[in-house]
There are 2 protein chains.
Amino acid sequence: MNTRICETLPEPVVRRLTKYLSYTARMTEEGVEWVSSADIGDALGLTGSTVRQDLAHISAGGVTHRGYNVERLHKMLRELLGADRGWCVVIVGAGNLGCALAQHGDFDRYSFKICGIFDNDPAVIGKKVGDLKVAPMSELGEAVRVNGVEMGILAVPCEAAQEVTDELVAAGIHGILNLAYAHVRVPEGVALVNARILERLQELACLLNAAEQVEGRA
Amino acid sequence: MNTRICETLPEPVVRRLTKYLSYTARMTEEGVEWVSSADIGDALGLTGSTVRQDLAHISAGGVTHRGYNVERLHKMLRELLGADRGWCVVIVGAGNLGCALAQHGDFDRYSFKICGIFDNDPAVIGKKVGDLKVAPMSELGEAVRVNGVEMGILAVPCEAAQEVTDELVAAGIHGILNLAYAHVRVPEGVALVNARILERLQELACLLNAAEQVEGRA
DNA sequence: TAGATTGTTAATCGATTAACAATC
DNA sequence: TAGATTGTTAATCGATTAACAATC
């Protein structure tokens, strides 16, 4: 029923829901019981109106005069965003970034379990990364099948991005998080989300370029 | 003149410009001389119309019947997105992620020079990270002043995110790339761009939840 | 109760797409 | 030349914001 909703949720809404999740996590820790749409908006730089519409999308069940129950809202968001069901994830690319993510505690905390890291460079195969050992790409398919892996994180150089994507798809993965500095294509039925740090840094550079120009004129 | 433009560029346009930059980089390598808006759109999953409007924003100077000159376009995008001027960047947080980014070759290639990595944990201060050594937070201000640092990358646990942001601002930084799993506030005049991997992974989880539901019904 | 806050509808705003004259 | 491709204008689409009746 929840997921029925997610299916038709516009992307901007999904993005904000992830922010509501971390907000409600913090409020839960702080022991806050109720928050209003205005509280959430203030904390995250949104209007209360936007927050209410987003939460109406998922039938969050706000209460007139009190707002939203933090615990209940947090639970709904966890369910919707898969933070409570234990996802099995593989990382492809055992470079600096891939290895760092494999050891990053936050994933585990939000129920994304890194259950394998792969590379095709003989120099790194067999290397220990936290509790894992870098495995050769040839073992990807079996690992996915045996562990029921649904997601793959792509952390390879851009030249290899499309090829490795195809291998992930062939291995039976359902969704890919692309960290590589390249646009990759996936077939119908495979989900793709991009998260490229360099691109965001370039965005920042563009903003600063602009800001400097304004100063220059002032 | 270029930057005059950037100042008023809508965010979705800036995001796509970063994609055009990596596309033109690849085409340059491949020795392609001209590309049409349709070529670019096909490669990146956009309509030619969107591409033409974006490029008109920056007066890319397309040529009727031939399209855009790859070399010229690439140069314009490099300028606009700051890939040709040598930015000095500091990283705050010498955990797995911060250290991985400090050693990530792609930044250097696109002229973001990591010129310092900071942390306040005595256990990591002094640790070698590539060519750098982890410095204590107390040295941040001086490093920013001496090196003319404009950007900071925030790679700390979410509890520390706001505090460290304030320290970066106090140190005189102009723009922040936030990798921490928390919403941070910056004062007027400081640019902020978010790049949170965990959030994107949650987005992917939401998509997969939805896809499974569809399958379940089919 | 009165005041506060929701959910929802309508209005606004902005982004994307379509269409096409200009033109090399 | 004819066909291809731009830049730009107009049309569509979607997302955000404002407004307000319902209500605890």
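To find a chain, count down the sequence lines: A is the first, B the second, and so on, and within it residues start at 1.
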Closer than 3.5 angstrom, by distance alone: can the side chain of B/Arg16 be matched with the main-chain N or O of B/Val51 as a donor-acceptor pair? no

Inter- and intrachain pairs under side-chain hydrogen bond (donor to acceptor under 3.5 Å, both in side chains), touching residues 102-111 of chain A, at least two apart: none

Check this for me: does any side-chain nitrogen of one of B/Arg200 and B/Glu203 sit under 4.0 Å from a carboxylate oxygen of the other? yes

If I take atom CD1 from residue B/Ile153 and atom CD1 from residue A/Ile197, how far apart are they, to the nearest 0.5 angstrom? 7.5 Å

Is it the case that the side chain of A/Arg78 and the backbone of A/Ala83 share a donor-acceptor pair, with hydrogens and angles ignored and the cut-off at 3.5 Å? yes

Distance col, row A/Arg185:CZ vs B/Leu44:CG, nearest 0.5 angstrom, shows 8.5 Å

d(CG, B/Leu44; P, C/dT16) in whole Å: 14 Å

For DNA chain C, produce a single dot-bracket line, 5' to 3'. Pairs: Watson-Crick or G-U wobble, both distances under 3.5 Å. Symbols: ( ) within strand, [ ] crossing, | other strand, . unpaired. ..||||||||||||||||||||||

What protein N or O atoms touch nucleotides 13-15 of chain C N or O atoms at under 3.5 angstrom, if any, and at what distances?
none

Rounded to the nearest Å, what distance is computed from the CD1 atom of residue B/Ile40 to the C1' atom of nucleotide C/dT17? 17 Å

Before accepting this row, confirm whether a basic side-chain N of the pair B/Glu199/A/Lys19 lies closer than 4.0 Å to the acidic partner's carboxylate O. yes

Sorted by chain and residue number, the side-chain contact (heavy atoms from CB on, under 4.5 Å) partners of A/Arg85 (sequence neighbours excluded) come out as A/Trp87, A/Glu150, B/Asn209, B/Glu212

Are any of B/Thr50's side-chain N or O atoms less than 4.0 Å away from OP1 or OP2 of C/dT17? yes

Can you sort out the partners of A/Glu71 under side-chain contact (heavy atoms from CB on, under 4.5 Å), two or more places apart, ordered by chain and number? A/Asn69

Would you find a donor on one side and an acceptor on the other, under 3.5 Å apart, between the side chain of B/Thr50 and the backbone of B/Leu46? no

Counting primed atoms, P, OP1 and OP2 as sugar-phosphate and everything else as base, the B/S/- map of nucleotides 4-11 of chain D against protein heavy atoms under 4.0 Å is BBBBBBB-

